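What you see is a predicted model, and the numbers here were worked out from it, not measured in a lab. Counting starts at 1 for both ligands and their atoms, in listed order.
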Amino acid sequence: MNKTTSIIIPTYNEHDNITSLVQRLAKSLAGYNYEIVFVDDNSNDGTAELAESLKDKHPVSVIVRKDKRGLASAVVDGLSHAAGSIVAVMDADLQHPPEVVPSLIKAIEEGADISVASRYIEGGGCQGWSFSRKLISRGAIFLAHLLLPATRKVKDPMSGFFIFKKDVVANAQLNPAGFKILLEILMIGRFQNVTEVPFTFVTREKGESKLNARQQIDYLKHIFSLMRRTGELLRFIKFALVGGSGVFVNVGLYWLLTRFAGFTPLDDTVTGSILSGNMAIIISIETSIVTNFLLNNYYTFADRNTGGIKALIGRLLNFNLISLVGALIQIGMMNLLAVGFGLYDLFSLVIAIIIAMMWNYLLNNWWTWRR
Ligand code: GDD
Ligand code: MN
């Protein structure tokens with residue numbers, strides 16, 4: 001294969017790692033066409049100067065930026081300098097073993113548009129991670145899978161080690177904020193096939209990690225920004241509007257049934273039967289569930305309305321079940337807040353409704369209209 005792979009490597013104070021990195025890449029990639037693009041944020045340990053000196057023997061180029069603008073932004077800058085039609089991204093600190101790069105290239109040769117070096121598929125892992133670090137990592141992935149459905153194809157969307165055809169991002173407006181450029185590419189790139197290749201994220205031997213608590217806040221902001229830019233936030237707003245319409249259906253139908261169709265109003269059980277009033281409310285609730293379902297199916301989740309009538313009925317049953325549990329959650333929360341904590345009942349009700357709606361939204365997004 002003659003296509004050139006551009007390997008983008010962001011660096012910040014990685015002087016003690018890059019010589020070994022470049023040598024190991026050279027060894028693994030003997031016979032391949034490749035170039036290494038270092039993007040350094042003005043390291044003060046001589047990283048850029050050392051990288052420059054590696055040019056004599058290796059296909060290396062170095063971009064130096066005068067201010068520290070972060071990992072993702074370094075990758076975006078590296079992209080505009082990449083000559084290859086295939087682009088790989090990896091860390092400079094040898095936590096991403098250079099020996100994995102050929103299997104990433106192979107995945108592209110075999111038809112993948114994106115291939116991710118993954119810690120969370122069979123054969124992958126993390127060396128020497130504490131329980132809490134594992135938990136944070138898993139939690140972050142769970143959140144991405146939950147809120148950004150297009151990332152669900154990948155078990156490790158947080159990986160900083162991956163490869164892709166440059167076409168994937170040809171028309172994409174990549175937002176260079178944050179640490180997680182792969183998320184950005186998975187959400188707004190154009191691609192068909194994405195695969196994963198296992199690797200072990202090894203411990204850092206030299207230099208220090210630049211990941212800190214602020215990046216965890218930035219991560220949440222990044223997820224929100226991607227939700228906004230990819231229409232997932234709009235989807236949630238649509239879902240809330242549909243839920244509001246359901247309240248009108250529910251109240252309106254109860255009113256029609258009890259005022260015009262002979263059902264007994266529930267406050268009038270002296271003259272009529274309590275059963276009749278409850279029938280009216282049950283019919284109203286179920287009708288509003290069905291109208292909510294139809295609106296969500298053809299409006300909120302129109303892009304995921306696949307399959308025939310059987311699939312539609314299956315989704316309706318899912319939706320009903322989730323709504324039922326949602327109602328129980330609402331009742332439970334309301335009791336907890338109002339009875340348990342003694343909060344004002346209407347306030348408790350609003351909070352309980354919001355929590356139940358989140359439940360309904362997330363479960364339906366995950367399951368009923370899965371993608
Ligand atoms: N240019 C530039 N600017 N490079 C940076 C900056 C920056 O502000 N901050 C970090 N880097 C470079 C580092 O020099 C290193 O090559 C790479 O980015 C990763 O930085 P680390 O500080 O080693 O990050 P980490 O090991 O904590 O995080 C890694 O693992 C995560 C998964 O747990 C990264 O690969 C993340 O992308 C990955 O998500
Ligand atoms: Mn690292």
At less than 4.0 angstrom from any non-hydrogen atom of [X], what atoms of ligand 1 do you find?
{"X": "Asp41", "result": "1 (N), 2 (C), 3 (N), 7 (C), 8 (O)"}
{"X": "Met158", "result": "38 (C), 39 (O)"}
{"X": "Gln95", "result": "23 (O), 26 (O)"}
{"X": "Arg204", "result": "21 (P), 22 (O), 23 (O)"}
{"X": "Arg133", "result": "33 (O)"}
{"X": "Glu14", "result": "13 (C), 14 (O), 15 (C), 16 (O)"}
{"X": "Arg119", "result": "32 (C), 33 (O)"}
{"X": "Trp129", "result": "33 (O)"}

Do any nitrogen or oxygen atoms of [X] come within less than 3.5 Å of a nitrogen or oxygen of ligand 1?
{"X": "Tyr12", "value": "yes"}
{"X": "Lys210", "value": "yes"}
{"X": "Phe201", "value": "no"}
{"X": "Ala74", "value": "no"}
{"X": "Thr11", "value": "yes"}
{"X": "Arg69", "value": "no"}

Side chains of [X] and [Y], donor plus acceptor under 3.5 Å:
{"X": "Arg229", "Y": "Ser225", "result": "yes"}
{"X": "Asn13", "Y": "Asn44", "result": "yes"}
{"X": "Asn297", "Y": "Asn305", "result": "yes"}
{"X": "Asn365", "Y": "Arg304", "result": "yes"}
{"X": "Ser273", "Y": "Thr264", "result": "no"}

Exercise. Using a 4.0 Å heavy-atom threshold (strictly under), name the region of Val39 that reaches ligand 1: side chain, backbone, both or neither.
Key: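 Backbone only.
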Please report which non-hydrogen protein atom sits nearest to [atom], along with the residue it belongs to and the distance in Å to one decimal place.
{"atom": "atom 18 (O) of ligand 1", "result": "Leu71 CD1, 3.3 Å"}
{"atom": "atom 39 (O) of ligand 1", "result": "Lys180 NZ, 2.4 Å"}
{"atom": "atom 34 (C) of ligand 1", "result": "Asp91 OD2, 3.1 Å"}
{"atom": "atom 12 (C) of ligand 1", "result": "Pro10 O, 3.5 Å"}
{"atom": "atom 24 (O) of ligand 1", "result": "Phe179 CE2, 3.8 Å"}
{"atom": "atom 25 (P) of ligand 1", "result": "Ser209 OG, 3.8 Å"}

Practice problem: Take Phe293 and Trp369 through the ring-ring contact (aromatic ring centres under 6.0 Å, His included) test and state the conclusion after the steps. | Solution: CA-CA 11 Å; Phe293 172 77; Trp369 286 279; 5.5 Å; yes
Practice problem: Using the salt bridge (charged side-chain N to carboxylate O under 4.0 Å, His left out) rule, take Lys55 and Glu52 through it: C-alpha gap first, then chi angles, then the decisive distance, then the call. | Solution: CA-CA 6 Å; Lys55 277 182 182 172; Glu52 287 283 344; 2.9 Å; yes
Quiz item: Closest heavy-atom contact between Ile121 and Pro198?
Solution: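 Answer, listing the atom of Ile121 first, then Pro198: CD1-N, 3.6 Å.
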Self-check item: Which atom of Met279 lies closest to which atom of Phe263, heavy atoms considered
Solution: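 Looks like CB-CE2, 3.8 Å.
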Quiz item: Quick check: does Gln95 have an N/O/S atom under 2.8 Å of the Mn ion (ligand 2)?
Solution: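 Yes, since at least one N, O or S atom of Gln95 sits under 2.8 Å from the Mn ion (ligand 2).
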Is it true that [X] lies under 4.0 Å from ligand 1, counting heavy atoms only?
{"X": "Ser137", "result": "no"}
{"X": "Met90", "result": "no"}
{"X": "Arg65", "result": "no"}

Quiz item: Do Trp366 and His145 pass the side-chain contact (heavy atoms from CB on, under 4.5 Å) test, and can you show the C-alpha distance, the side-chain angles, and the key distance before you say yes or no?
Solution: CA-CA 9 Å; Trp366 189 276; His145 283 164; 4.0 Å; yes
Quiz item: Do Arg235 and Asp303 sit within salt-bridge range, that is, some charged N less than 4.0 Å from a carboxylate O?
Solution: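 Yes, charged N to carboxylate O under 4.0 Å.
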Quiz prompt | Heavy atoms of other groups near Lys238 NZ, more than 12 under 6.0 Å | solution =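 Yes, NZ of Lys238 has more than 12 neighbouring heavy atoms, counting only those of other groups under 6.0 Å.
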Quiz item: With a distance cut-off below 6.0 Å to the six-membered ring centre and an angular limit of 45° from the axis, does Arg138 pair with Tyr120 as a cation-pi contact?
Solution: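 Yes, Arg138 and Tyr120 form such a contact.
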Self-check item: Asp93: its N/O/S atom lying closest to the Mn ion (ligand 2) (atom name)
Solution: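 Per the distance ranking, Asp93 contributes OD2 as its closest N/O/S atom to the Mn ion (ligand 2).
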Self-check item: Sole residue of Val64, Ile63, Ile18 in side chain to side chain contact (heavy atoms under 4.5 Å, CB included) with Phe38
Solution: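 Output: one option passes, namely Ile18.
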Self-check item: Chi angles and distances behind the ring-ring contact (aromatic ring centres under 6.0 Å, His included) call for Phe191, Phe164
Solution: CA-CA 9 Å; Phe191 58 92; Phe164 57 99; 10.0 Å; no
